[in-house]
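Here is the structure we will look at, set down as structure tokens.
In what follows, chains carry the letters A, B, and so on, assigned in the order in which the sequence lines appear, proteins first and then strands, with residues in each chain numbered from 1.
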Amino acid sequence: EAEVAQSPRYKITEKSQAVAFWCDPISGHATLYWYRQILGQGPELLVQFQDESVVDDSQLPKDRFSAERLKGVDSTLKIQPAELGDSAMYLCASSFGGPGQKNTEAFFGQGTRLTVV
Amino acid sequence: QKEVEQDPGPLSVPEGAIVSLNCTYSNSAFQYFMWYRQYSRKGPELLMYTYSSGNKEDGRFTAQVDKSSKYISLFIRDSQPSDSATYLCAMRRSGGSYIPTFGRGTSLIVHP
């Protein structure tokens with residue numbers, strides 16, 4: 001069964017360091033999402049891509065977070081510098097369709113659990 | 001007030017019980033309603049998906065949407081210990097960027 005792949009599964013980093021997460025969506029899925037999930041809360045969108053273009057990054061803290069999907073397939077989310085409050089699960093999701101299309105439900109990867117110390 | 005409200009629980013039930021999980025929402029533009037199951041330290045897994053009002057059944061799971069009351073439910077029949085997880089409701093509009101908005105999740109514990 002096709003899955004959204006994420007790596008690493010776990011990451012511990014010191015504050016002020018840079019950290020990066022990688023996501024490979026389900027093959028053929030044009031839409032890719034990065035979510036952040038704080039323990040005990042629901043996922044909150046950070047950025048949405050349609051192919052290689054950013055559709056919505058209004059909730060992405062752009063002073064320290066960046067995301068790219070250069071070839072419209074896999075994606076990288078970076079944090080520089082990391083802060084203690086960034087400790088959370090970072091989830092990648094993908095969907096077949098995009099704005100104006102059906103079959104747009106999101107399928108999630110296993111996430112990267114980030115701990116900033 | 002958040003757009004989607006969900007009681008975090010935990011909800012503890014005995015094995016075999018019927019479980020009712022609920023969400024309320026404030027945005028009348030929401031047309032698509034989803035339920036995700038999330039096991040500890042795992043990503044959410046899409047469980048049920050419904051459009052507009054009505055019921056949808058899949059095995060032991062039934063999703064119900066009442067748009068007039070802005071209220072959605074997930075029922076689990078004959079609950080099993082393996083159903084112990086956090087259940088997240090999510091919903092989105094029919095247009096725009098299709099970004100789902102999530103509730104905070106309800107923790108369910110089914111004890112043998």
Problem set entry | Residue pair S26(B) / E3(B), side-chain donor-acceptor N/O under 3.5 Å |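 There is no such pair between these side chains.
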Exercise. Hey, is NZ on K71(A) packed in by over 12 heavy atoms from elsewhere, all under 6.0 Å?
Worked result: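 Result for NZ/K71(A): open.
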Problem set entry | Winner by heavy-atom pair count (cut-off under 4.5 Å) against chain B, out of C92(A), P43(A), G111(A) |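 Between C92(A), P43(A), G111(A), the count favours P43(A).
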Exercise. Of the backbone (N, CA, C, O) and the side chain (C-beta and beyond), which part of P8(B) lies under 4.5 Å from a heavy atom of chain A, both, or neither?
Worked result: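 Contact with chain A is absent: no heavy atom of P8(B) under 4.5 Å.
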Exercise. Is the backbone N or O of S53(A) less than 3.5 Å from a side-chain atom of D51(A), with the two atoms forming a donor-acceptor pair by type?
Worked result: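 Pair absent, no side-chain N/O of D51(A) close to backbone of S53(A).
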For this session: Under 4.5 Å heavy-atom distance to chain B, tell me which part of Q37(A) shows up: side chain, backbone, both or neither.
Result: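 Contact with chain B: side chain only.
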Problem set entry | Nearest-0.5 Å distance, CZ of residue R113(A) to NZ of residue K42(B) |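 Reported to 0.5 Å precision, the distance equals 11.5 Å.
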For this session: Against chain A, work out which of R104(B), E45(B), Q38(B), Q6(B) has the most heavy-atom pairs shorter than 4.5 Å and name it.
Result: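 Most heavy-atom pairs under 4.5 Å with chain A: R104(B).
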